[in-house]
Amino acid sequence: MAKGDMGIRTVFVNDRATSRQLRKGRLVVLEGADEGKSFEISKSKVYAGRASVNDILLKDKSISSTHFEIRAEEEGFLLRDCGSTNGTKLGGCRIREVYLTPNATFRAGNTTLKLEPVDEVVEIPLSPDEHFQGVIGRSVAMREVFATLEKVAPSELTCLIEGQTGTGKERIARAIHDASRRRKKPYVVLDCSAIPRDLMESYVFGHEKGAFTGAHEKRAGAFEQAEGGTLFLDEIGELDLSLQPKLLRVLENREFKRVGGARTIRSDCRVVAATNKDLRQMVNEGTFREDLYFRLSVIQLHLPPLSERREDIPLLVEHFLDEVAERRPDRQRVRLTAEARDALMAHPWPGNVRELKNVIVRAASLCSGSTVERSDLQLTGQKPMASAPARQMSAGDDEDSASLHVDLTLEYKEAKERLLDQFEYAYLDRIYEKNDGNISKSARESGITRYHMRELLKKHELK
Ligand SMILES: Nc1ncnc2c1ncn2[C@@H]1O[C@H](COP(=O)(O)OP(=O)(O)OP(=O)(O)O)[C@@H](O)[C@H]1O
């Protein structure tokens with residue numbers, strides 16, 4: 001497709017990106033159960049499939065829950081199969097991803113679709129600023145997030161922040177609170193992955209004295225603690241299915257009861273949630289309620305991995321060096337050699353901004369003198385940090401998998417993430433080998449979808 005026909009275009013003024021323009025498209029169903037229908041593409045990413053979480057809903061039974069996505073890029077509209085059972089085909093070939101030319105037709109299951117260009121443009125604003133309430137970023141992606149935050153943070157809207165671990169989701173949640181009228185009221189964080197399942201309800205809604213064994217005193221839950229302020233629900237994808245209807249009810253009625261309590265308590269707090277999981281996929285798998293997903297995702301913010309916004313690295317490095325200097329009694333600020341800076345730009349950063357921060361803080365604190373050399377950074381080889389240790393736990397190496405290597409030089413979250421990553425790699429490696437590389441069988445035995453299995457195998461470069 002010729003640039004500008006369809007897809008997204010970044011507008012520059014004096015070499016600086018000032019906005020993005022999305023040239024709309026229209027997806028027309030030429031043949032199949034939805035024949036005659038058409039869907040406008042006016043967002044930078046749309047999903048299509050049979051499940052209602054999709055932007056484009058298709059009825060054809062041969063189409064998967066989420067079958068394909070169309071993403072607006074500078075090169076045009078990218079059609080990507082989402083691990084569908086019956087495949088996405090173009091010109092008789094089953095495709096994984098392909099750029100669509102204007103008026104190209106393709107098949108999804110038994111449905112034939114055509115993507116037509118539309119002569120209309122949607123302006124996607126970019127903030128002129130390189131920070132928002134202490135969140136730093138100069139990339140187009142981050143300035144797009146800042147532009148959204150400038151509008152929605154002062155509102156009362158519920159936000160869902162998506163992104164890999166360490167991309168800054170919690171930082172953004174805090175920024176939303178700080179930019180809202182609730183800033184002087186409490187900001188309460190509830191990490192849904194860190195609380196035992198049977199205590200979760202009491203953590204969220206509180207409990208009355210004697211509500212259960214061990215409930216010696218009454219206790220206010222997160223909603224009460226956050227009264228008037230903001231409740232940040234971190235790792236919302238970990239919230240047990242049995243608690244999800246209760247959370248939905250508070251979000252809808254603003255009312256709840258403590259565990260073991262009869263009194264209805266009114267709640268006035270804004271909810272911001274975050275996840276590093278694909279909640280849409282979880283809805284398709286039945287592990288996350290669809291109605292709760294819609295309630296939480298009134299505003300969706302996506303934080304790309306650091307490797308996709310390398311322009312942010314120099315600014316973040318300066319920011320973290322300033323932070324270290326402020327904490328030093330002599331306020332001395334260290335500097336990085338050109339070699340060290342090049343190494344930071346080249347690193348894959350699987351642990352995202354958290355990993356970058358750890359590297360800078362460690363190097364700045366441990367370097368001798370006032371200069372950080374390349375070797376002070378202690379970057380792991382050229383391999384992604386997460387997969388290198390993961391490979392240490394090789395298939396069949398039971399001794400290794402039984403011992404737990406805890407790295408105390410890392411922040412808690414990164415250390416946890418690394419261990420989980422090692423486990424994921426070891427599990428996948430074994431199940432995939434056991435099933436002679438058969439993805440469907442491996443997925444069935446693991447109790448996850450084929451799509452999820454494929455994505456995991458790709459992540460660990462096992463496939
Ligand atoms: N854009 C940013 N500007 C400044 N600091 C940042 C930015 N992004 C992340 N950080 C810092 O990096 C660290 C990790 O960020 P944060 O905890 O918000 O990530 P997260 O996405 O919530 O991670 P997880 O999914 O593991 O909870 C924090 O110390 C945070 O302050």
Side-chain angles (χ1 to χ4, degrees), residues 126-127 129-150 153 159-179 187-195 230-239 271-279 282 300-327 344 347 349-365 385-386 407 409-421 424 459:
L126 302 180
S127 170
D129 294 331
E130 298 185 339
H131 52 86
F132 179 85
Q133 297 284 341
V135 186
I136 311 292
R138 68 161 55 125
S139 59
V140 165
M142 285 309 283
R143 289 200 288 124
E144 194 176 320
V145 169
F146 294 165
T148 309
L149 288 174
E150 284 156 13
C159 304
L160 177 67
I161 310 164
E162 298 168 301
Q164 293 177 3
T165 184
T167 44
K169 299 185 292 299
E170 187 171 342
R171 196 73 200 67
I172 293 274
R174 178 77 218 199
I176 290 175
H177 173 74
D178 290 343
Y187 169 75
V188 175
V189 180
L190 190 80
D191 182 347
C192 302
S193 70
I195 297 159
T230 307
L231 173 58
F232 174 49
L233 298 171
D234 202 1
E235 315 278 13
I236 190 75
E238 301 291 333
L239 187 71
V271 170
V272 176
T275 181
N276 57 22
K277 294 205 165 155
D278 184 350
L279 285 193
M282 289 182 71
Q300 260 173 310
L301 294 156
H302 178 73
L303 298 181
L306 187 58
S307 57
E308 288 176 18
R309 47 180 168 111
R310 288 184 182 277
E311 318 88 280
D312 291 343
I313 295 174
L315 215 58
L316 285 164
V317 169
E318 295 310 315
H319 174 70
F320 297 138
L321 287 176
D322 284 344
E323 279 190 353
V324 176
E326 268 166 38
R327 282 200 298 268
L344 292 174
H347 191 69
W349 301 116
N352 293 300
V353 185
R354 175 177 297 114
E355 186 190 352
L356 173 65
K357 182 174 176 175
N358 284 342
V359 165
I360 297 298
V361 172
R362 188 170 52 203
S365 315
M385 259 171 107
D407 186 347
T409 64
L410 301 174
E411 268 184 15
Y412 165 76
K413 277 194 172 174
E414 201 192 340
K416 182 175 119 186
E417 206 53 42
R418 286 238 202 146
L419 270 181
L420 284 177
D421 202 55
E424 224 174 66
K459 173 179 156 195

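Residue numbers run from 1 in the order of the sequence given. Start at 1 and go down the list; that is how both ligands and their atoms are numbered.
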* To do: Just need the protein heavy atom nearest to atom 27 (O) of ligand 1, so name the residue and atom and give the distance.
  => Lys413 NZ, 2.6 Å

* Mind checking whether Val353 and Asp312 have side chains closer than 4.5 Å, heavy atoms only? -> no

* Asked: Within the side chain of Trp349, is there an N or O that forms a donor-acceptor pair under 3.5 Å with the backbone of Pro305?
  -> no

* Asked: With a 4.5 Å heavy-atom cut-off, do Ile360 and Leu316 have their side chains touching?
  -> no

* Asked: In terms of atom number and element, which parts of ligand 1 are under 4.0 angstrom from non-hydrogen atoms of Val353?
  -> 6 (C), 7 (C), 8 (N), 9 (C), 10 (N), 12 (O)

* **Nearest neighbour in protein (non-hydrogen) for atom 22 (O) of ligand 1** => Glu170 N, 2.9 Å

* Should Val145 and Val135 count as side-chain neighbours, where that means a heavy-atom distance under 4.5 Å? -> no

* Using a strict cut-off of 4.0 Å, indicate which atoms of ligand 1 neighbour a heavy atom of Val135. => 1 (N), 2 (C), 3 (N)

* Hey, which atoms in ligand 1 end up nearer than 4.0 Å to a heavy atom of Arg171? -> 18 (O), 30 (C), 31 (O)

* Asked: Is the closest N or O pair between Gly168 and ligand 1 shorter than 3.5 Å?
  -> yes

* **N or O contact, Lys357 vs ligand 1, cut-off under 3.5 Å** => yes

* Asked: At a 4.0 Å threshold, what atoms of ligand 1 neighbour a non-hydrogen atom of Ile136?
  -> 1 (N), 2 (C), 3 (N), 4 (C)

* Does a side chain donor of either Thr165 or Asn276 reach within less than 3.5 Å of an acceptor in the other side chain? -> no

* Region of Leu316 engaging ligand 1 - heavy atom pairs below 4.0 Å -> side chain

* Asked: Do side-chain atoms of Arg310 reach the backbone of His347 as a donor and acceptor pair under 3.5 angstrom?
  -> yes

* Structure fact -> Per-atom filter on ligand 1: closer than 4.0 angstrom to a heavy atom of Gln164 are 21 (O)

* Structure fact -> Asp234 heavy atoms within 4.0 Å reach ligand 1 at atoms 27 (O)

* To do: Mark the output for Gly163 as yes if a heavy-atom distance to ligand 1 is under 4.0 Å, and as no if none is.
  => no

* **Protein residue, atom and distance nearest to atom 14 (C) of ligand 1, heavy-atom basis** => Arg354 CB, 3.7 Å

* Counting only N and O atoms by type, is there a donor-acceptor contact under 3.5 Å from the side chain of Lys169 to the main-chain atoms of Gly163? -> yes

* Asked: Nearest protein heavy-atom contact for atom 26 (O) of ligand 1: which residue, which atom, what distance?
  -> Thr165 OG1, 2.5 Å

* Asked: Below 3.5 angstrom, do we get any N/O pair linking His319 and ligand 1?
  -> no

* Counting both backbone and side chain atoms, is some N or O of Phe320 under 3.5 Å from an N or O of ligand 1? -> no

* Asked: Just wondering, do His177 and Val272 contact through their side chains at under 4.5 Å, heavy atoms?
  -> no

* Asked: Is the closest side-chain heavy-atom distance between Asp191 and Ile195 below 4.5 Å?
  -> no

* In the protein, what heavy atom is nearest to atom 25 (O) of ligand 1, and what distance, to one decimal place, separates them? -> Lys169 NZ, 2.7 Å

* Asked: Does the cation-pi check pass for Arg174 over Phe232, that is, NZ or CZ under 6.0 Å from the six-membered ring centre and within 45° of its axis?
  -> no

* Between Asn352 and Gln164, do the side chains contain an N or O donor and an N or O acceptor separated by less than 3.5 Å? -> yes

